> 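What follows is a structure written as structure tokens; I'll ask about it next.
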2 protein chains.
Amino acid sequence: MKNLIEPLDDITLSGFRFFKSLSDEELKSLNYEKTCSSLKKGSIIYKEGSRLTGFYCIVRGIVKVYKTGIDGKEQIIRFARKGDIIAYRSLLSQESACTTSKIIEDAILCHVPYKTLLNLIEKNSSFALAMLRIVCAELKEANEYITDIAQKTVRERLAEILLLLKDSFDLDADQTLQISLTREELANTVGTATESIIRLLSEFKQDKLIDLQGRKIKIINLAGLIKVANLTNNRS
Amino acid sequence: MKNLIEPLDDITLSGFRFFKSLSDEELKSLNYEKTCSSLKKGSIIYKEGSRLTGFYCIVRGIVKVYKTGIDGKEQIIRFARKGDIIAYRSLLSQESACTTSKIIEDAILCHVPYKTLLNLIEKNSSFALAMLRIVCAELKEANEYITDIAQKTVRERLAEILLLLKDSFDLDADQTLQISLTREELANTVGTATESIIRLLSEFKQDKLIDLQGRKIKIINLAGLIKVANLTNNRS
DNA sequence: AAAACAAATTGATATATGTCATTGTTATAA
DNA sequence: TTATAACAATGACATATATCAATTTGTTTT
């Protein structure tokens with residue numbers, strides 16, 4: 001699969017919630033300085049260790065962000081979708097990327113240069129604060145996930161991840177998760193072995209919590225799933 | 001143990017690396033607006049769920065920051081020491097605290113009001129950027145820990161935590177860790193059961209990696225520990 | 001100093017989950 | 001249409017780690 005990259009002209013970042021606090025003028029130059037591209041599933045946006053020149057806004061599609069751990073096993077840190085930004089963490093720290101990002105659903109991304117970001121932070125304190133809050137939100141998520149992964153069983157975590165995916169990517173009319181992951185990707189998110197995911201999904205199906213057909217996961221007993229997930233209070 | 005709080009007059013935050021980018025004038029009003037206190041081991045600085053009015057700078061002592069998970073089991077998110085700041089995450093997100101912070105070594109803290117923080121972020125873009133980089137650094141750590149906890153054995157993680165503690169709190173002349181934790185606290189950091197920590201520490205001792213006397217942990221084979229920790233590349 | 005409590009240790013045991021191996025299934029390409 | 005590979009599903013098995021229970025040691029508190 002080739003990285004079919006085709007520049008796109010008419011995309012604007014003006015509607016992005018992340019840029020809500022920008023003035024018209026700032027938006028104008030932002031839109032001028034960004035570079036958009038269309039990427040096919042499987043394309044890699046940037047690799048762990050690479051030098052970043054900017055961050056990316058996701059206009060459409062889905063991206064998985066992961067770290068490479070022991071034996072090259074990937075740990076998925078998050079899924080990003082329309083309206084999200086990626087690569088900003090390492091960029092702001094001025095380090096080379098500590099994650100890899102890969103398209104899992106055909107996407108359109110806009111690249112915003114580091115300099116533009118710095119400029120906005122410097123000139124627009126509302127933007128700086130908004131940025132700060134985005135990082136803080138992600139840090140909160142991370143801390144919660146550390147607690148989960150340290151204290152919960154794989155079964156509980158799988159249920160929880162399914163609920164999280166439901167909240168992030170919604171269900172279609174048929175109560176089916178609008179994100180399609182391989183069993184391995186699910187395993188790399190939950191932090192377990194692929195076989196365990198397969199077995200647990202089957203169990204969930206037997207228990208009438210979900211229905212499976214291929215990669216489609218249909219939630220048929222939400223309350224039951226929530227119960228299995230054993231939520232403390234956080235994540236809905 | 002009582003929360004013996006005694007206001008302290010002559011403490012200044014001017015030397016804090018975190019405030020490096022402040023002007024003399026900003027420092028002056030910061031020092032005026034802060035409130036310092038001396039807290040004994042065991043004191044709780046703030047509790048999960050409480051409303052925060054500011055963040056805290058640690059002038060001396062050690063603090064553990066933890067989340068309460070399943071069955072009230074605590075998951076230690078980080079240890080903070082001189083020069084570190086705590087409580088800023090929830091504060092910036094304007095949420096109630098999602099962690100609890102407790103003194104584990106007699107400490108002096110300075111409370112800086114939210115308004116002061118906001119003001120600095122608004123008026124001093126270098127400070128805003130510095131703040132941003134602090135949050136980013138913590139997010140990086142968190143992501144790395146997620147990968148570890150998801151992929152490594154308890155044995156590996158324990159070795160790694162010992163190394164981390166060594167880097168954060170240094171060793172005394174005798175190669176002994178300058179932070180004293182109960183086995184339970186170690187367990188709650190590593191994300192395992194207390195008994196497992198006890199057994200693994202004994203094994204490490206048998207393997208001549210460390211020496212134990214009470215809560216004192218002496219590192220006698222650093223290279224060996226590093227090997228056990230099975231570091232990918234990140235944390236030293 | 002005794003009493004009361006918290007922390008550390010050790011052993012026995014159960015089990016959730018990882019690992020390995022095999023086969024079936026589906027997608028992709030040639 | 002076959003060939004090739006990626007993915008999914010199952011079974012058998014090993015084991016790291018949790019859990020439970022009992023004992024010892026060390027710290028506070030009165």
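Both backbone and side-chain heavy atoms feed into the values below; hydrogens, waters and symmetry mates do not. Not measured: the values here are computed from a predicted model. Throughout, a chain's letter reflects where its sequence line sits, starting with A, and its residues are numbered from 1.
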> Quick one: B:Leu212 CG to C:dA8 C1', roughly how many Å, whole number?
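For the pair B:Leu212 CG and C:dA8 C1', the rounded distance is 11 Å.
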> If you check every side-chain atom of B:Glu195, which of C:dT10, C:dG18, D:dT10 has the closest atom?
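Nearest to the side chain of B:Glu195 among the choices is C:dT10.
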> To the side chain of A:Arg183, which of D:dT17, D:dA8, C:dT9 is closest?
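Ranking D:dT17, D:dA8, C:dT9 by closest atom to the A:Arg183 side chain puts D:dA8 first.
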> Report the distance from atom CG of B:Leu186 to atom P of C:dA7, rounded to the nearest whole Å.
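In whole Å, C:dA7 P and B:Leu186 CG are 14 Å from each other.
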> Atom CD1 of A:Ile197 and atom P of C:dA16: how far apart are they, to the nearest Å?
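That distance rounds to 16 Å.
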> Taking 4.0 Å as the cut-off, does a side-chain nitrogen or oxygen of A:Ser196 come that near to OP1 or OP2 on C:dG18?
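Yes, because at least one side-chain N or O of A:Ser196 sits under 4.0 Å from OP1 or OP2 of C:dG18.
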> Donor-acceptor pairs under 3.5 Å, side chain of residues 96-114 of chain B to any protein atom, not counting sequence neighbours: which ones?
| unit_1 | atom_1 | unit_2 | atom_2 | d |
| --- | --- | --- | --- | --- |
| B:Thr99 | OG1 | B:Tyr46 | OH | 3.3 |
| B:Thr100 | OG1 | B:Glu48 | N | 3.0 |
| B:Ser101 | OG | B:Tyr46 | OH | 2.9 |
| B:Asp106 | OD1 | B:Lys41 | N | 2.7 |
| B:Asp106 | OD2 | B:Lys40 | NZ | 3.4 |
| B:His111 | NE2 | B:Thr53 | OG1 | 2.9 |
| B:His111 | NE2 | B:Gly54 | N | 3.4 |
| B:Tyr114 | OH | A:Arg133 | NH2 | 2.9 |

> Select one nucleotide: of C:dA7, D:dT19, D:dC7, the one nearest the side-chain heavy atoms of B:Arg199.
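Nearest nucleotide to the side chain: D:dT19.
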> Please report, rounded to the nearest Å, how far the P atom of C:dT25 is from the CD atom of A:Gln213.
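My rounded result for the distance is 17 Å.
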> With side chain to side chain contact (heavy atoms under 4.5 Å, CB included) as the criterion, how do B:Leu186 and B:Ile217 come out once you've worked through the C-alpha distance, each side chain's angles and the decisive distance to 0.1 Å?
CA-CA 12 Å; B:Leu186 261 177; B:Ile217 300 177; 4.1 Å; yes
> Under 4.0 Å between a Lys/Arg side-chain N and an Asp/Glu carboxylate O for A:Lys64 and A:Glu74?
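Yes, this pair counts.
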> Can you tell which of C:dT17, D:dA8, D:dT19 lies closest to the side chain of A:Arg215?
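Closest nucleotide to the A:Arg215 side chain: D:dA8.
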> To the nearest angstrom, how far is B:Leu200 atom CG from D:dA18 atom C1'?
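One finds 12 Å between C1' of D:dA18 and CG of B:Leu200, rounded.
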> Nearest 0.5 Å, please: how far is CZ in A:Arg199 from OG1 in A:Thr194?
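These two atoms lie 10.5 Å from each other.
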> What closest approach, in Å, do A:Phe169 and A:Gln178 show between heavy atoms, and which atom pair accounts for it?
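Heavy-atom minimum between the residues: O-CB, 3.1 Å.
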> What's the CD1-P distance between B:Ile70 and D:dA18, to the nearest Å?
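Going from B:Ile70 (CD1) to D:dA18 (P), I get 15 Å.
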> Any salt bridge between A:Arg78 and A:Glu138, counting N to O under 4.0 Å?
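Yes.
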> Can you tell me the distance, in whole Å, between the CG atom of A:Leu201 and the P atom of D:dC7?
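Result: 16 Å.
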> How far apart are the closest heavy atoms of A:Lys82 and A:Arg17, and which atoms are they?
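So the minimum-distance heavy-atom pair works out to O-NH1, 4.2 Å.
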> With a 4.0 Å cut-off on heavy atoms, is B:Thr194 in touch with a base, just the backbone sugar-phosphate, or nothing at all?
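No contact at all - B:Thr194 keeps every heavy atom at 4.0 Å or more from the nucleic acid.
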> Taking the side chain of A:Glu184 as heavy atoms from C-beta outward, which of C:dG18, D:dT19, D:dC7 is closest to it?
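My answer, after comparing the listed nucleotides, is D:dC7.
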> What closest approach, in Å, do B:Lys152 and A:Ile70 show between heavy atoms, and which atom pair accounts for it?
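In this case the closest contact between B:Lys152 and A:Ile70 is CE-CD1, 3.8 Å.
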> Any side-chain N or O of B:Thr192 under 4.0 Å from OP1/OP2 of D:dA18?
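Answer yes for this pair, as a side-chain N or O of B:Thr192 is under 4.0 Å from OP1 or OP2.
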> Side chain of B:Ile198: nearest nucleotide among D:dC20, C:dT17, C:dA8?
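For the B:Ile198 side chain, the nearest candidate turns out to be C:dA8.
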> Using a cut-off of strictly less than 4.0 Å, decide whether A:Thr182 has a side-chain nitrogen or oxygen near OP1 or OP2 of D:dC7.
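No, no such contact exists.
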> To check you understand the geometry: which heavy-atom pair defines the closest contact between A:Leu212 and A:Ile210, and what is its length?
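Taking A:Leu212 first and A:Ile210 second, the nearest heavy atoms are CD2-CD1, 3.9 Å.
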> What parts of residues 149-157 of chain A reach DNA chain D, counting only heavy atoms under 4.0 Å away?
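When residues 149-157 of chain A is checked for heavy atoms under 4.0 Å from DNA chain D, there are no hits whatsoever.
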> Over all heavy atoms of both residues, which pair between A:Ile146 and B:Ala142 is shortest? Give the atoms and the distance, please.
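Where A:Ile146 meets B:Ala142 most closely, the heavy atoms are CD1-O, 3.8 Å.
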> Can you say whether a donor on the side chain of A:Glu185 sits under 3.5 Å from an acceptor on the base of D:dC7, or the other way round?
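A donor-acceptor contact between them is absent.
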> In degrees, rounded to 10°, what is the bend between the two ends of the helix from C:dA1-D:dT30 to C:dA30-D:dT1, using five pairs at each?
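Roughly 50°, once rounded to the nearest ten degrees.
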> Nearest whole angstrom, please: distance from the C1' of D:dA8 to the CD1 of A:Ile217.
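About 13 Å, once rounded to whole Å.
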